[in-house]
Amino acid sequence: MKNLTLKQLRYFEALARDGRFRRAADACAISQPALSMQIKELEEQLGGNLFERSTRDVRLTAFGQLFASRVRNILRAVDELGDLARASRDPFLRRLRIGVIPTIAPYLLPTIINDLNRTFEGIDIQVRETQTAKLVQELAQGELDLAIVALPVSEPSLTELTLFEEEFVLVRRREDEGKPVPEREALREMRLLLLEEGHCFRDQALSFCRIGSMRPREVMEGSSLSTLVQMVSAGIGITLIPEMAVPVETRSAQVSISRFQTPQPSRTIGVIWRNSTPLVKQLLQISEVVRQSADTMRKQHAVR
């Protein structure tokens, strides 16, 4: 067997992740035929099929699954060697690959990016917005340096650093302004609007309301906080949103905002990174900038 190349392994990892040649080729910035040729050559060198091919997509074979787990470890180790080199030649990061969950990104990112650019002149910031499970996976694979998420994540391979606590507020129709805020048990009897499955904020809202399984007619789902707030404005139901989202999401919506009585629903916002990263010193500096940025913004837009 000839020596395998890192390029082949990265092509393989992209195809295993995306499941389609076109998407994987786009991610690797090569043509689809070139990617297909590289994968075929890799299989010939290994003496076995890595993928089951169909007209629409590909799936890993049993051998491919075993191979994929080893490849991820190899690529992560290679990326960490690059991180080690970055850390040794420069006390500050010149490239930051940061992930953020969707219920934080639209509200904090503009301030955070401005502050990071001001603090670390010349830094190249690459942002990835997706749900927590995907961010954890991409961190583990060395595709991200740091992620801003709701804690805890409880992943042994990741370090968690708490930044701040944030309360949730109740969003109702404008006509309901001034009315008593319902107890959380009462929310179970109302039409509650929630984010779709996969968002940690959905689980946090359900937990506060002490709601387990719900009949479909009792809950409606949206893909974003913006959609939920507009649905409330249209009189469809009520919802909960994080405090940081209020200035952005209520600007053009006919809604009222209320705080809950104690105990108030809240979430813990923090950052996570790989335990094995050699960039801990730099990531701690980045985290402090993120914390200060969030603190400043939250004070400016605090819900009274």
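Any value given below was found using the heavy atoms of this structure, including those in side chains, with hydrogens, waters and symmetry copies removed. All residue numbers in this chain count up from 1 along the given sequence. Model, not experiment: these values are computed from the prediction.
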Are any non-hydrogen side-chain atoms of [X] and [Y] less than 4.5 angstrom apart?
X	Y	answer
Val58	Leu15	yes
Gln126	Leu96	no
Asp18	Arg20	no
Leu192	Leu240	yes

Does a sphere of radius 6.0 Å around [atom1] in [X] hold more than 12 heavy atoms from other residues, nucleotides or ligands, not counting ones at 6.0 Å or beyond?
X	atom1	value
Gln261	CD	no
Arg174	CZ	yes
Arg22	CZ	no

**Request:** Would you please test Leu187 and Ile238 for side-chain contact (heavy atoms from CB on, under 4.5 Å) and show each step?
**Result:** CA-CA 9 Å; Leu187 296 176; Ile238 63 170; 3.5 Å; yes
Do the side-chain N and O atoms of [X] and [Y] include a donor-acceptor pair separated by under 3.5 angstrom?
X	Y	value
Ser157	Asn275	no
Thr268	Glu165	yes
Thr103	Arg267	yes

Mark yes or no for whether [X], through its side chain, and [Y], through its backbone, hold a donor-acceptor pair below 3.5 Å.
X	Y	result
Arg97	Gly142	yes
Thr61	Asn49	yes
Arg291	Gly270	no
Asp57	Gly19	no
Glu221	Leu193	no
Thr111	Ser293	no
Gln264	Phe260	yes
Glu243	Val169	no
Thr296	Gln292	yes

**Message:** Run Gln285 and Phe120 through side-chain contact (heavy atoms from CB on, under 4.5 Å) and show every step you take.
**Reply:** CA-CA 10 Å; Gln285 293 174 309; Phe120 306 104; 4.1 Å; yes
**Item:** Member of Lys134, Arg17, Arg128, Arg10 meeting the salt bridge (charged side-chain N to carboxylate O under 4.0 Å, His left out) criterion with Glu143
**Value:** Arg17
**Message:** Using the rule side chain to side chain contact (heavy atoms under 4.5 Å, CB included), only one of Leu228, Val246, Val232 pairs with Val171; which is it?
**Reply:** Val232
**Prompt:** Which one of Leu116, Val271, Ile125 satisfies the side chain to side chain contact (heavy atoms under 4.5 Å, CB included) criterion with Ile286?
**Reply:** Leu116
**Prompt:** After noting the C-alpha distance and the side-chain angles of Arg173 and Ser233, does the key distance pass the side-chain hydrogen bond (donor to acceptor under 3.5 Å, both in side chains) rule?
**Reply:** CA-CA 6 Å; Arg173 298 179 307 163; Ser233 180; over 6 Å; no
**Message:** Taking Glu43 first and then Arg53, would you say they form a salt bridge - that is, a charged N and a carboxylate O separated by under 4.0 Å?
**Reply:** yes
**Request:** Could you walk me through whether Lys179 and Asp176 pass the salt bridge (Lys or Arg N to Asp or Glu O under 4.0 Å) test, one step at a time?
**Result:** CA-CA 6 Å; Lys179 291 183 178 180; Asp176 293 333; 3.0 Å; yes
**Item:** hydrophobic_cluster_shared for Phe164 and Leu161, side chain cutoff 4.5 Å
**Value:** yes
**Prompt:** Parallel, tilted or perpendicular: which describes the rings of Phe51 and Phe12, with under 30° parallel and over 60° perpendicular?
**Reply:** tilted
